[in-house]
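Note sheet for the following structure.
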Amino acid sequence: MPWYKQMWNWIKDFFVNYWPQIIIFFCVLIFGIIVIKIILTIINRAFKKSPRVTSTARHFFLAVIKALLYIIYIIALLSLLGIPTTSMIAILSAFALALSLALQDTMSNLASGVVIVFTKPFSEGDYIEFKDGTAGTVTRITMFNTKLLTPSNQVVIIPNKTAVTGTVTNYSIEDKRRLDIPLSVAYGTDVDKVKEVGLAVAHAHEKVLNDPAPMTRLNNHGESSLDFILRVWVNRADYWDVYFDLKEQVVAAFNENGIEIPFNQLDVHVKEDLIVKEIAEAAAKQKANAEAAATSEPSEKPKTTRKKK
């Protein structure tokens, strides 16, 4: 008998002899997926109603619960097929141990994800910056990594271990932020006038807060300029709007008040007496060389006459 006929007879006998188990298996297969989705939906709604559970914790715990439910679901399906679950659990435990040893970094990221959820150094929606300069808005915290959306619309994925062990600056925790605008003016400019104009620009902006009050002070004596700092406080959401507005408005105010904005320049001061002295020395040296050359030329030889015999 050909092999394909033997295969067909085996399949036919299998379905004839085990059709009740097959129906139960597919029912459990479909019903289990539906039950898991219902359980996750109920837990998700419960998390949303609880004010103590943040969106970050909700997404994280839903991912963990989903993984556990599917593991239980797979074990139940295997038991329906007649596979001993006790030995299967032992095999899975040994496999999990070997996997955890092989994937130490991955498990470390998982543990770091739990730390992030409970300690909350940052949450979804916060704008953060790492020590290496990577910055962006947190869009999702998963079991193993944190996803950032940069201002240039790029997605950066940071391992949770790096996010926990590294230095992170969170710009979204506090409602207010300080804004420092550097101002540079030419030497000789009236310091009080610069301070007056800077404060006038700050007070005129509607998004600049009055408490703490704006201030302008001389910060540094530069190589080509006097460097001031215009320091104001703004609401977190208004930071960049105020930053660019003050940059533009300060330039316009300086132009109106005749305050010069310097540029890098080099002043060369020439001493006239030194130049005259150098010219006189060069002329004297040239004259001495000419006289020395004249005295070193050979004199003309006297003419000799021959006497005739």
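Here the side chain of K193 pairs a donor or acceptor atom with the backbone of N257 at under 3.5 angstrom. For the pair R236 (side chain) and S172 (backbone), a donor-acceptor distance under 3.5 Å is present. Remark: side-chain polar atoms of Y127 are not paired, donor with acceptor, to backbone N or O of V138 under 3.5 angstrom. With S225 contributing its side chain and V185 its backbone, the two residues share no donor-acceptor pair below 3.5 Å. Under a 3.5 Å cut-off, the side chain of D126 and the backbone N or O of S123 do form a donor-acceptor pair. Judged by distance alone, with hydrogens and angles left aside, the side-chain atoms of T189 form a donor-acceptor pair with the main-chain N or O of A186 at under 3.5 Å. At distances below 3.5 Å, not a single donor-acceptor pair connects side-chain atoms of T134 with backbone N or O atoms of F130.
Of all heavy-atom pairs spanning L148 and A135, the tightest one is CD1-C, 4.5 Å. Y171 approaches E129 most closely through the heavy-atom pair OH-OE1, 2.6 Å. The two residues G198 and T216 come nearest to each other via the heavy atoms C-OG1, 3.9 Å. Residues I36 and L69 share a closest heavy-atom pair of CD1-O, 4.0 Å. Scanning all heavy atoms of the two residues, the minimum distance from P121 to N170 falls at O-ND2, 3.1 Å. Shortest non-hydrogen contact noted between A253 and V201 is CB-CG2, 3.6 Å.
V208 and M215 fall into different hydrophobic clusters, where Ile, Leu, Val, Met, Phe, Trp and Tyr are joined by side-chain heavy atoms under 4.5 Å apart, directly or via other members. Residue V168 is grouped with residue I158 when hydrophobic side chains (ILVMFWY) are merged at heavy-atom distances under 4.5 angstrom, including chains of intermediate members. V234 is connected to F244 through a chain of hydrophobic side-chain contacts under 4.5 Å among Ile, Leu, Val, Met, Phe, Trp and Tyr, so both are in one cluster. Tracing side-chain contacts under 4.5 Å through hydrophobic residues (I, L, V, M, F, W, Y), one never reaches L62 starting from I38; they form parts of separate clusters. Hydrophobic clustering (side-chain heavy atoms under 4.5 Å, transitive across Ile, Leu, Val, Met, Phe, Trp, Tyr) keeps L68 apart from I34.
Residues D227 and H221 have side chains that never bring a donor and an acceptor to within less than 3.5 angstrom of each other.
Counting only heavy atoms from C-beta outward, the side chains of E223 and P262 never approach each other to under 4.5 Å. Under the 4.5 Å side-chain criterion, counting only non-hydrogen atoms from C-beta, L209 is in contact with K176. Residues L230 and D180 have side chains not in contact (no heavy-atom distance under 4.5 Å, counting atoms from C-beta outward). Residues D175 and N235 have side chains not in contact (no heavy-atom distance under 4.5 Å, counting atoms from C-beta outward). Looking at heavy atoms from C-beta onward, V232 lies out of side-chain contact with I181 at the 4.5 angstrom threshold. The side-chain heavy atoms of K207 and D245, taken from C-beta on, include no pair separated by under 4.5 Å.
Ring-plane geometry between Y239 and Y243 is classed as parallel, the angle between the planes falling under 30 degrees on a 0 to 90 degree scale with a further cut at 60.
Remark: of the listed residues T146, T165, N145, N109, T146 is the sole one forming a side chain to side chain donor-acceptor pair (under 3.5 Å) with N160. Checking each of L183, D190, V251, V197 against I259 for a side-chain contact (heavy atoms from CB on, under 4.5 Å) leaves exactly one that passes, namely V197.
Crowding of K37 atom NZ: a count of heavy atoms from other residues, nucleotides or ligands under 6.0 Å not exceeding 12.
Between the OG1 atom in T169 and the NZ atom in K131 there is a gap of 10.5 Å [rounded to 0.5 Å].
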Side chain to side chain contact (heavy atoms under 4.5 Å, CB included) between K147 and V156, intermediate numbers included
CA-CA 6 Å; K147 295 182 179 180; V156 180; over 6 Å; no
After noting the C-alpha distance and the side-chain angles of V242 and H205, does the key distance pass the side chain to side chain contact (heavy atoms under 4.5 Å, CB included) rule?
CA-CA 8 Å; V242 177; H205 201 291; 3.9 Å; yes
Would W233 and L179 satisfy side chain to side chain contact (heavy atoms under 4.5 Å, CB included), going step by step from the backbone distance to the final call?
CA-CA 6 Å; W233 287 84; L179 174 60; over 6 Å; no
Evaluate R217 against F228 for side chain to side chain contact (heavy atoms under 4.5 Å, CB included), listing each step before the verdict.
CA-CA 6 Å; R217 299 299 297 269; F228 290 77; 6.0 Å; no
